[in-house]
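Reading through the structure tokens given below for one structure.
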2 protein chains.
Amino acid sequence: MAKVKLADVARAAEVHPGTASRALNPDQRGQVSAETVDRVVRAAQRLGYVPNAQARALRTARSHLVGIVVPDITNPLFPPIVRGAEHVLTSAGYTVLLTDTDNDRERERRQIESLLGRGVDGFIIATALWDDPLLTDLAEAGVPVVLTNRSASGGRWPYVAGDDQAGVRLSVQHLVGLGHRSIVHLAGPQNVSTGRDRARAFRAAAKEFGIGNGDARVSVCLSYSEAHGRTAMEKVLAARTPFTAVVAGNDLIALGALDALSDAGYACPEDVSVVGFNDMPFVGRLQPALTTVRLPLQRMGALAADLLMTELDAEGRQDAPTRTLLGVDLVVRGSTAAAPKRSRSRSRSRRT
Amino acid sequence: MAKVKLADVARAAEVHPGTASRALNPDQRGQVSAETVDRVVRAAQRLGYVPNAQARALRTARSHLVGIVVPDITNPLFPPIVRGAEHVLTSAGYTVLLTDTDNDRERERRQIESLLGRGVDGFIIATALWDDPLLTDLAEAGVPVVLTNRSASGGRWPYVAGDDQAGVRLSVQHLVGLGHRSIVHLAGPQNVSTGRDRARAFRAAAKEFGIGNGDARVSVCLSYSEAHGRTAMEKVLAARTPFTAVVAGNDLIALGALDALSDAGYACPEDVSVVGFNDMPFVGRLQPALTTVRLPLQRMGALAADLLMTELDAEGRQDAPTRTLLGVDLVVRGSTAAAPKRSRSRSRSRRT
DNA sequence: AGATTCACCACAATCGGTTGCGGTCTTCGA
DNA sequence: TCGAAGACCGCAACCGATTGTGGTGAATCT
């Protein structure tokens, strides 16, 4: 099965390669007689012709390649996004180049440059920092980019993500409804949009539901990880200011917080309620089952892909970037319960 | 930042493009004087030259593209593999094309064809069926392929995976050590190697540890999923033959089995012990924490990538395919315990 | 009938690198 | 001093598809 090329098809159909090309190309097909088109198509089929994408891309300057950039594919947040995007892209004839930056900026820069060398038509980026030089570079280079999951300052890129603000508000409302009056927020890193937005939303929701400043504290985690969630929680515990509920920046932070609480002898949800964010797979099966905010991740990826493709078709002359916030749900499970009668800041029933 | 091409660099360095090409190419650099090389390299640097991979690939017939084919990136088994492979591939100058077949053979075939059209140099395939026409097609086309996670009949492809046989043996040994004498295996689908191998290993281990045929039953699941694990477990329960332990084909099946057991009023590990396979993220945090077999997934991906690259460098004249089995560990957690005194086939203490 | 239009197709340039071949200039040995 | 060897570099063909331009013959118009 040696590679059959256009010239082979042309020879088999007894036409010039140029003609064969037109015959095979739907929007140029009008320039070729129906009978010839048929002959060429038939020959292509018979020989099992698959066009060489490299050559085509070289000539047309359109590779139909899309780069998807994620920080860590191992983080359960991203596979559904990638999957959603991949599905709509491949069915539209695009191919996905995946790259995992490992949260390393330098690495990320190299990867993106390498992908540019590969002639990708555009990027779906899930790693955006709030102020990201990489993004402005890409914008200057005129490369279409769609942000997902995270946004960036300036609102200059198309963007699709979950409605963080609504999610946090639902969480706080839920906790307040359960009688909690003193809540801490373990915020994600403040150099990414989700970290900032959720923290801001937390403060706003606290005020809205009548919780004073002192009772709505925020502690910032250095990253969205169990480890940093744990240390942030430990720091809050060390401060010895009473609280009965935790709104975590995401599920990983929530898990870390749960560990710290359990180490300190607090039971969840009896002593402290915890709510997460993202509804990662299996968090509903944990003990306690985590109350969390569910995002339509796969749809998010699919939408990001759609956005990117319209941007690609737009060829420059684009309107203001579309920014989509997807609705979110609060999934109430076992990690939240009515506030204890008195805040048990010291009821250490430490486990053995 | 208009695209700067080789001709631009050549002009800046006042040499012919061909010379510039050689100067930039490490293994042809010998044909150019050191001084010229320096001048060209400097110019390239200054202009920010990034070679056009399409053009290069077109001419050299080497794209430095590798396709990774997984059934479902959402399955926590695959991201670590992809990550491992991606890291070693990108640092070797390759780029990863990811495709998610959704367990759909037709889709998979289309994807692979499309990737071939893109000129990928080779594939890492994690979706292999035991008898897979796609694979033989690829082999005939002379496309290098490395199988990972799953093998295929004939042993004709390089392959890297966990040592299923050892994993299952460890599991059975562990259970027997706890006093279990009647164990059922919820096997994975029998058209993939892991399903077959683990089932075979189960029977062998049972015999080795002196468990009779009637006490080492096997029930096959239609897929590696919670749903099919559940129905398989339910079928076993319906048969009303007593047993005290379950060796699941993988963690997802184990989770499904856990559900079925719990619905039927059996407690784990008090009534029935369960052991999984793969040690997916967070299964250690479940209730009960799942005893399972841990595979070095990321290393698996990395090794697969290495294998593929050596195969690519070999250019056809290859020896017998390397087949690597990675060592596995049994991670003992809460879902396994000593066998109950009497097999409690009917001690329904059904939950409310 | 002659001129014009139109449909259809062939030709060749082009995308951006790579590489075999050959030419020039230097260097070294005899 | 002359010839051969070798180092260095330019030339141009090539990878495989796309597309603007132009040419041929048939159909149409007057």
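Computed from a prediction, not measured in an experiment: that's the story for all the values here. Lettering follows sequence order; numbering is per chain, from 1. Scope of the values below: all heavy atoms of this structure, side chains included, with no hydrogens, waters or symmetry mates.
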Minimum heavy-atom distance between B:Asn149 and B:Ala126, given as atom pair plus value:
ND2-O, 4.0 Å

Enclosure of A:Arg42 CZ (heavy-atom neighbours >12, cutoff 6.0 Å):
no

Per the under-4.0 Å heavy-atom filter, residues of residues 43-52 of chain B near DNA chain D come out as none

Working note: B:Tyr159 + B:Ser193, criterion side-chain hydrogen bond (donor to acceptor under 3.5 Å, both in side chains); need CA distance, chi angles, decisive distance, verdict.
CA-CA 12 Å; B:Tyr159 161 62; B:Ser193 70; 4.6 Å; no

Applying ring pair (Phe, Tyr, Trp, His ring centres under 6.0 Å) to B:His64 and not counting sequence neighbours gives B:Tyr94

Euclidean distance, atom CG of residue A:Leu116 to atom P of C:dG16 [Å, nearest integer]:
15 Å

In residues 47-54 of chain B, what donor-acceptor pairs under 3.5 Å come from side-chain atoms, sequence neighbours left out?
from	atom 1	to	atom 2	distance (Å)
B:Asn52	OD1	B:Gln54	N	2.8
B:Asn52	OD1	B:Ala55	N	3.1
B:Gln54	NE2	A:Arg118	O	2.9

Do the non-hydrogen side-chain atoms of A:Pro144 and A:Leu308 ever get within less than 4.5 Å of each other?
yes

Could you list the protein-to-nucleotides 6-13 of chain C atom pairs, N/O on both sides, closer than 3.5 Å?
from	atom 1	to	atom 2	distance (Å)
C:dC9	OP1	A:Ser33	OG	3.2
C:dC9	OP1	A:Thr36	OG1	2.3
C:dC9	OP2	A:Ser33	N	2.7
C:dC9	OP2	A:Ser33	OG	3.4
C:dC9	OP2	A:Thr36	OG1	3.3
C:dA10	OP2	A:His16	N	2.8
C:dA10	OP2	A:Thr19	OG1	2.7
C:dA10	N6	A:Arg22	NH2	3.0

Which listed nucleotide (C:dT18, C:dC15, C:dG17) is nearest to the side chain of B:Ser21?
C:dT18

Identify the two heavy atoms, one from B:Thr127 and one from B:Val69, that lie closest to each other, and give their separation to 0.1 Å.
CG2-O, 3.8 Å

Could you pull out every donor-acceptor pair under 3.5 Å between side chains of residues 20-30 of chain B and any protein atom, sequence neighbours left out?
from	atom 1	to	atom 2	distance (Å)
B:Arg29	NE	B:Ala23	O	2.8
B:Arg29	NH2	B:Ala23	O	3.3
B:Arg29	NH2	B:Leu24	O	3.4

Exam field: side chain B:Ser91 to backbone B:His87, donor-acceptor pair closer than 3.5 Å
yes

Starting at CG of A:Leu6 and ending at C1' of C:dC15, how long is that distance when rounded to a whole Å?
16 Å

Which nucleotide span of DNA chain D, 5' end to 3' end, has atoms closer than 4.0 Å to non-hydrogen atoms of chain A?
D:dG16 to D:dG20

Does A:Ser63 use its side chain to pair, donor to acceptor, with the backbone of A:Gly119 at less than 3.5 Å?
yes

Taking every non-hydrogen atom, the tightest pair across A:Ser151 and A:Ala128
O-CB, 3.9 Å

So B:Gln28, base contact, sugar-phosphate only, or nothing? Heavy-atom distance under 4.0 Å.
sugar-phosphate

From NZ of B:Lys5 across to P of C:dG17 the rounded distance in Å is 7 Å

